[in-house]
Student: 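One structure coming up, written as structure tokens, with questions to follow.
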Protein chains: 2
Amino acid sequence: MLSHEHYMRLALQEAEKAAQADEVPVGAIIVMQDKIIAKGYNQVQLLNDATAHAEILALTSGFQNVGSKYLPEATLYVTIEPCVMCAGALYWSKIAEIVYGASDEKNGYRKCCSQMPFHPKTKIHNGILESECAQIMKDFFKQKRSSI
Amino acid sequence: MLSHEHYMRLALQEAEKAAQADEVPVGAIIVMQDKIIAKGYNQVQLLNDATAHAEILALTSGFQNVGSKYLPEATLYVTIEPCVMCAGALYWSKIAEIVYGASDEKNGYRKCCSQMPFHPKTKIHNGILESECAQIMKDFFKQKRSSI
């Protein structure tokens, strides 16, 4: 089995695609039995859709790929702590495991949710490649501010 | 301006379409300047996608219709209290107003969110056609149980 760091690097590659498309750089991948079943990066601007977060796009792609509306044997890797919407989507997916890189104090699910929003069986890990995942966001917003 | 009850009846018609398609009967519509800009009903089974809730489908349709990723002048009517995922999606949409019919003690956002998950400017109303909105759900699950 490949390491969390290996898959988080692939999620970071997705985040990099978002950055290059001038989107907030968050990337996600979904892995099942050591196989990547879905990828996604934030496409809010491109799709003109406030719900087009990396996790939502990856989940929808994963459901289609597997032909199931649940992913109880899969792990989602995402570069940043999921927001409330994505946490709720992950709840419905019954995903086995969520691994995220950097925390998001402003928009992360922990800001709002008093109790764990995920399915009781879902395991949570964080801090994987934390500094790289946070840095790509910092670089993006720094560049945004300097271009105003 | 037409009443909340008028629009909630249209959301109930969407919920009825869901029931007829053997989906959990939740319906939503989005109204802007007294014009319906989007409709949606739960299509989790049809789309094989655990995130295909009435509100999410209506929001995505509304964004496309208006050509904007925000809906700060719109009102969403939904028959049942939004779940955490839908509450998060509504936050990102910056929608002006959310009107829902019946509460959902099991899956509603209030179960999990310690603080209001919506945008600070979003107004919330509930209890519009509450008994009809609750009844269509009760009928659906009663039928499901009897057919097992």
Side-chain angles (χ1 to χ4, degrees), chain A residues 23-24 26 30 38 40 42-53 55-72 74 76 81-95 104 106-120 122, chain B residues 23-24 26 30 38 40 42-53 55-72 74 76 81-95 104 106-120 122:
Chain A
E23 302 269 2
V24 174
V26 181
I30 302 179
N42 183 26
Q43 298 196 330
V44 165
Q45 307 298 330
L46 176 70
L47 300 178
N48 228 359
D49 183 340
T51 71
H53 287 196
E55 299 95 313
I56 300 287
L57 299 176
L59 278 174
T60 296
S61 172
F63 296 137
Q64 302 315 310
N65 190 346
V66 173
S68 166
K69 59 183 182 291
Y70 303 125
L71 298 171
L76 175 122
E81 178 186 341
C83 73
V84 171
M85 171 182 71
C86 293
L90 288 159
Y91 165 78
W92 290 114
S93 77
K94 301 184 181 177
I95 201 152
D104 182 350
K106 192 172 170 214
N107 292 310
Y109 72 89
R110 291 184 297 179
K111 187 188 164 192
C112 176
C113 298
S114 52
Q115 51 177 285
M116 199 56 119
F118 305 110
H119 194 271
T122 301
Chain B
E23 301 270 1
V24 175
V26 182
I30 302 178
N42 183 26
Q43 298 196 330
V44 165
Q45 308 298 331
L46 176 71
L47 300 179
N48 228 357
D49 182 341
T51 71
H53 286 196
E55 300 96 311
I56 300 288
L57 299 176
L59 278 175
T60 296
S61 171
F63 296 136
Q64 302 315 309
N65 190 345
V66 173
S68 166
K69 61 182 181 290
Y70 303 124
L71 299 171
L76 175 123
E81 178 186 341
C83 73
V84 171
M85 171 182 70
C86 293
L90 287 160
Y91 165 78
W92 290 113
S93 77
K94 301 185 182 177
I95 202 153
D104 183 349
K106 192 172 172 216
N107 292 311
Y109 72 89
R110 291 183 297 179
K111 187 187 164 194
C112 175
C113 298
S114 52
Q115 51 175 287
M116 199 56 119
F118 305 110
H119 194 269
T122 300

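In the text below, chain A, chain B and the rest are named by the order of the sequence lines, each starting its count at 1.
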Student: Go through it in stages, so that I can follow the logic: the residues are A:Asn48 and B:Lys69, the test is side chain to side chain contact (heavy atoms under 4.5 Å, CB included), and I'd like the CA-CA distance, side-chain angles, deciding distance and then a yes or no.
Tutor: CA-CA 5 Å; A:Asn48 228 359; B:Lys69 61 182 181 290; 3.9 Å; yes
Student: For the residue pair B:Leu90 and A:Met85, establish whether any side-chain heavy-atom pair is separated by less than 4.5 Å.
Tutor: no
Student: Heavy-atom pairs under 4.5 Å with chain B: which of A:Gly62, A:Ser93, A:Cys83 has the most?
Tutor: A:Cys83
Student: So which part of B:Tyr109 gets closer than 4.5 Å to some heavy atom of chain A, the side chain, the backbone, both or neither?
Tutor: neither
Student: Just wondering, do A:Asn107 and B:Trp92 contact through their side chains at under 4.5 Å, heavy atoms?
Tutor: yes
Student: What part of B:Ala87 gets within 4.5 angstrom of chain A, counting heavy atoms only: side chain, backbone, both, or neither?
Tutor: neither
Student: Under a 4.5 Å heavy-atom cut-off, does chain A meet the side chain of B:Thr51, its backbone, both or neither?
Tutor: both
Student: Could you check which of B:Leu71, B:Leu47, B:Leu59, B:Val84 has the highest count of heavy-atom pairs closer than 4.5 Å to chain A?
Tutor: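 Heavy-atom pairs under 4.5 Å are most numerous for B:Val84.
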